[in-house]
Amino acid sequence: MDVRDTYRHNVLTSGHRACSGCGEAMAARMVTDIIGPDAVYINATGCLQVFTTHNQQSAWQAPWIHSVFANAAAVASGVEAAMRANGKDTPVVVQAGDGGTFDIGLQCLSGMIERGHDVLFVCYDNEAYMNTGVQRSSSTPHAVRTTTSPPGRLSEGKHHLKKDVISIIAAHQMPYAATATVAYFPDLKAKVEKAMSLKGPRFLQVLSPCPLGWNHDAAQTIQVSRLAVETGLFPLVELEHGAVTGVMRLARQRPVEDYIKLQGRFKHLFGSKGGAVEIRHLQALADARIRRYGLLEADTEWTTDTANQVQRRGRGGYARVSKGESQ
Amino acid sequence: MSRLSFEAGSSVAYHTGDWRILRPVYKDKWPPCSQTCPASEDIQAWLALASDDQWQAAWRKLTERNPFPAVMGRICYHPCELSCNRKHLDSAVNIHGVERYLGDLALEQGWRHQPLNKKQQTQQVAVVGAGPAGLSCAFQLVRRGYPVTVFDARSAAGGTLHSGIPAYRLPKNILRREIDAILALGIQLHLDTRIGEQRSAQSLQEEFAAIFLAIGEQQPRIYTGNDQSGHSIMSGVDFLRRINQGEPVKMPRHVAVIGGGNTAIDAARCARRLGAEVTVVCPQDPHGTQHGHPGAEMPASFEEVIQAEAEGVRLSYRLGVSRLVRSGEHLSGLQVARVDQLHDRHGQFAPKLFEGTEEFLSAGLAIFAIGQEVDWHGLERLRDSEDSNILIGGDAAGKPRFAATAVGSGYQAAMSIIACLTGIPPVYEQHEKAEVSINDLNLSYYPQSVRQEGGVVADRLHDFDEVITGLDKTAVTHEAGRCLSCGVCFQCDNCWHFCPDAAVIKQDAGYEVDNDYCKGCGICAQECPCGHIDMVT
Ligand SMILES: Cc1cc2nc3c(=O)[nH]c(=O)nc-3n(C[C@H](O)[C@H](O)[C@H](O)COP(=O)(O)OP(=O)(O)OC[C@H]3O[C@@H](n4cnc5c(N)ncnc54)[C@H](O)[C@@H]3O)c2cc1C
Ligand SMILES: Cc1ncc(C[n+]2csc(CCOP(=O)(O)OP(=O)(O)O)c2C)c(N)n1
Ligand code: SF4
Ligand code: SF4
Ligand code: SF4
Ligand code: SF4
């Protein structure tokens, strides 16, 4: 056990091989430390699985299973049923990338929810198949450059739109589905805690910037995450039994250019006529999401400003680890 | 551990730190407020303590450099606020409001200054002048165990704070109580003792191991035009001193005050309170209708000018006196004329009047507030001495004439005296903290918030009661909490939360980077709200 830090457990500890500045590593570190070590984690294939379990070295300090790419939710269903059969209520948590959620993992996930398994499914959404070298997924936003949606004479990057997976999941009439992102830690924390307080299938989609695949400066991971929200491109919402029950209001709306100009995956849009059209298209998509969820006028104290505000001596973190626990 | 290890176990065996090019370093910086505070107060530190309800600790931190918070919170022109980083976000922190509150609270609670060490030194130090410079120096020395004797020619301590600044800006009892708290550390004070008259400079040199001359600029510069003898002419400092000593001064109906500095404005506001119609004849234009931004031209504080105008003082700008007009002994008024340029070719202040623009200004009293000079009478041998144990500070050293500058100069003098007496070089200028500018901060973490101001008493012309009321506790907590903590960690946890590699370790006091694992992404430095983290090679 690594107990360098007594202020949290470090369920996902140091020495993992994620790229410098990885948003997925950051998101998983936050989520698993909020849940704690007393849970069973099932990980679909993808960056998180590969970079945390390299050369037989594990960065996990909790029970952790690698399923295959498609079946993480099915494995979790089995683990949860086995726990129940043995009279245990150890929490079961799935972690998967967007490929393992939106695409190849979707039918197992749908089945798990439909059968009502008591499992939290966390999708770290980095908007492409990153581990295999940045191929487009159904989560990749419109007009993005990936290795399989290269811009050129005939295209301005990915033609199709980002799949609205949260609506698909929520349509299962399940207890809790929410979106979150790394920039707003208090919001992420509240959502994980809420999810853990409920029974039945629950789902979190955590936007996790990828410096390699999004081609942004490693130091900008949080800024990119924050701008995804502030532009309206990635609304932070909560849905219970299919209905929207909470949104984070935007204290102000920022133009999508602020967001996309930090990222090389949108670079081809600047300086061309076709690109300008796509930027306007992205702006229209952001505007539509803002209207759909009422992000500018929602009647809530919870805004991008209050969620960002820092406090002397922090805003709370994780359960503390007593030194006696070290081994 | 080799990169291709196949030994099963924890990933902590693998040190990702060697991927790194840059490495984060935690470093306290010196914020712009403190850079501009003439007394070099650690403003960020005491604001942090105040926002944390640690009132006494805040007062102690403040008084390390400035034993006059209740005074300074009232009369300092607060240049710190002009440079406060918060102004780029909404408006500067009301630093002087919090300072004043802490000073008043200390007086109310009777908090006492503590000596810094128990050790008593034997070498005696003399301080000439009990103004802010002299008392600041004495305070620093006596806290460090040196026996100090302060001499002043006047019968009350405080220097110009007492004799110059009127009570409606600085109530006398506030000044007196703050001085008493300083003296209570065990300073000998000899009032009514002018060095060079009641006691010789030479006797001081014989008796004391070091001397600090903080004699201020007490000698009014005199009007050199026609017919300056006779009645109805007074200097600004003499006029203010008489009022501050409680002497009755009879006012004619019309009073003219000549000058563009703070003394002129103070004299005008006092004359107004004594019932006169007051016109200030000043060569400069405070509102900058012709040049620059408001307040730029005039040496007087712009806030004071606004107050004076609100009280009905008439300001006639860009005018100069061409001669005094008398009928017999008595002054009937001034002949004034338009001023052309203010400065001569060498940049010296020398307003030139336009011929043919003369007008008459009725006045039964003319108060000339056209500057002061140092009165070296009887102190020449000390002034001209080359000895390193004789120092000159405050206004007498020709520093910018602010009370806080005098306080800062007193601190430096004390440090130099100790250096001279011990032979160990002074330590005061050696904080090697880097500056921190607005570009080093991440403003996304600080929401906008409205600055709280002290109130202004509306009905104020019939007495010398204080005009500006202080902030209450709620407002003070609010203002202290508005400080961005520029360059100084306030344990917000951002770096700790955001490090993707769990390389920031949280400790009971602060954080540490574990260089075995830090990949050098720079997120911690980028997301530190206050610019406390540097990325270095
Ligand atoms: C009218 C007026 C208003 C002002 N308002 C402000 C303001 O609002 N804010 C601000 O920051 N600054 C203000 N100032 C400036 C400020 O008061 C001075 O910069 C400050 O007081 C200088 O401090 P000091 O200790 O150097 O000298 P002083 O305060 O002038 O003290 C010098 C002392 O030395 C004594 N002394 C002189 N010669 C001898 C001697 N030979 N022997 C013994 N004692 C001697 C004097 O009696 C006096 O008490 C004002 C100045 C004036 C004149
Ligand atoms: C059935 C199957 N197809 C393909 C792969 C190859 N593969 C491994 S990881 C990965 C991409 C994972 O992408 P995503 O789920 O988005 O996670 P990320 O790496 O982006 O975190 C792919 C295609 C596989 N392991 N299994
Ligand atoms: S490719 Fe992206 S998601 Fe994968 S480790 Fe690197 S930064 Fe993280
Ligand atoms: S915000 Fe605080 S630390 Fe920064 S300049 Fe203003 S008072 Fe000083
Ligand atoms: S966030 Fe972590 S890995 Fe990145 S520079 Fe800071 S300490 Fe190093
Ligand atoms: S990010 Fe917060 S906790 Fe870390 S150094 Fe900066 S102020 Fe301190």
Side-chain angles (χ1 to χ4, degrees), chain A residues 1-2 4-8 10 12-30 33 51-61 182-183 185 188-189 211 217-223 226 230 251 303-306 308-318, chain B residues 1-17 19-22 48 51-52 442 444-448 481 485 489-494 496-508 511-512 514 516-530 535:
Chain A
M1 268 286 291
D2 156 40
R4 288 168 303 148
D5 198 324
T6 59
Y7 280 82
R8 65 183 176 208
N10 280 347
L12 168 49
T13 192
S14 307
H16 63 69
R17 271 69 151 185
C19 304
S20 174
C22 173
E24 187 170 64
M26 189 194 293
R29 226 198 25 55
M30 290 174 173
D33 263 344
F51 70 63
T52 57
T53 52
H54 208 79
N55 288 356
Q56 297 195 54
Q57 290 178 339
S58 174
W60 297 102
Q61 310 205 80
V182 283
F185 174 75
L188 174 71
K189 182 175 178 213
D217 183 355
Q220 295 292 337
T221 297
I222 293 296
Q223 179 64 357
R226 183 162 38 229
E230 288 188 340
T303 71
T304 45
D305 266 359
T306 46
N308 236 342
Q309 180 168 9
V310 280
Q311 265 167 33
R312 189 168 292 285
R313 283 191 287 281
R315 293 172 293 182
Y318 317 90
Chain B
M1 173 66 61
S2 119
R3 280 170 188 281
L4 293 177
S5 156
F6 283 92
E7 200 179 314
S10 165
S11 63
V12 292
Y14 182 77
H15 290 178
T16 50
W19 300 10
R20 184 180 57 229
I21 300 168
L22 296 176
S51 78
D52 213 19
N442 189 330
S444 17
Y445 294 103
Y446 305 100
Q448 307 252 322
S485 193
C489 173
F490 56 105
Q491 303 189 11
C492 73
D493 285 348
N494 266 7
W496 181 61
H497 279 313
F498 290 144
C499 175
D501 290 280
V504 173
I505 312 284
K506 184 171 161 99
Q507 289 157 338
D508 290 346
Y511 309 79
E512 201 185 355
D514 190 337
D516 284 349
Y517 306 106
C518 164
K519 291 172 186 157
C521 66
I523 291 175
C524 50
Q526 183 71 31
E527 300 307 322
C528 174
C530 67
M535 297 301 291

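Fair warning: this is a prediction, and the values are worked out from it, not measured in the lab. First the proteins, then the strands, lettered A, B, ... as listed; each starts at 1.
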Checking [X] against chain A: side chain, backbone, both or neither under 4.5 Å from a heavy atom?
X: Q507(B); answer: backbone
X: Y517(B); answer: side chain
X: D508(B); answer: both
X: C518(B); answer: neither
X: A525(B); answer: neither

task: Classify the side-chain pair W60(A)/T52(A) by whether it contains a donor and acceptor separated by less than 3.5 Å.
output: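 The criterion, which ignores hydrogens and geometry beyond distance, is satisfied for T52(A) and W60(A).
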Strictly distance-based, threshold 3.5 Å: is any side-chain N or O of [X] a donor or acceptor partner for the main-chain N or O of [Y]?
X: E527(B); Y: N494(B); result: no
X: H16(A); Y: A18(A); result: yes
X: R8(A); Y: T6(A); result: no
X: T304(A); Y: A251(A); result: yes

message: Holding to side chain to side chain donor-acceptor pair (under 3.5 Å), I want the full list of residues that pass it with K506(B), two or more places apart in sequence or in another chain.
response: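 With neighbours one apart ignored, the set is D493(B).
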query: Mind checking what makes side chain to side chain donor-acceptor pair (under 3.5 Å) contact with T303(A), not counting sequence neighbours?
result: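 For T303(A) the side chain to side chain donor-acceptor pair (under 3.5 Å) partners, ignoring immediate neighbours, are T306(A).
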For [X], is it the side chain, the backbone, both or neither that has a heavy atom under 4.5 Å from a heavy atom of chain B?
X: R29(A); result: side chain
X: V182(A); result: backbone
X: Y7(A); result: both
X: Q311(A); result: backbone

Looking only at heavy atoms and a cut-off of under 4.5 Å, which of [options] has the most pairs with chain B?
options: S58(A), A218(A), G23(A); value: S58(A)
options: Q220(A), Q61(A), E230(A); value: Q220(A)
options: R226(A), R315(A), Q223(A); value: R226(A)
options: S20(A), G314(A), S14(A); value: S14(A)

For chain A, which candidate among [options] shows the most heavy-atom pairs at distances under 4.5 Å?
options: V504(B), I505(B), T16(B); result: I505(B)
options: F490(B), Y446(B), Y445(B); result: Y445(B)
options: G522(B), P529(B), G481(B), C492(B); result: C492(B)
options: Q526(B), Q448(B), M535(B), E512(B); result: Q526(B)

With rounding to the nearest 0.5 angstrom, report the [atom1] to [atom2] distance, [X] to [Y].
X: D5(A); Y: N10(A); atom1: CG; atom2: CG; result: 5.5 Å
X: I222(A); Y: M26(A); atom1: CD1; atom2: CE; result: 4.0 Å
X: N55(A); Y: Y14(B); atom1: CG; atom2: OH; result: 8.5 Å

- request: Report yes if the distance between the aromatic ring centroids of W496(B) and Y318(A) is under 6.0 Å, otherwise no.
  value: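 They qualify: ring centres under 6.0 Å apart.
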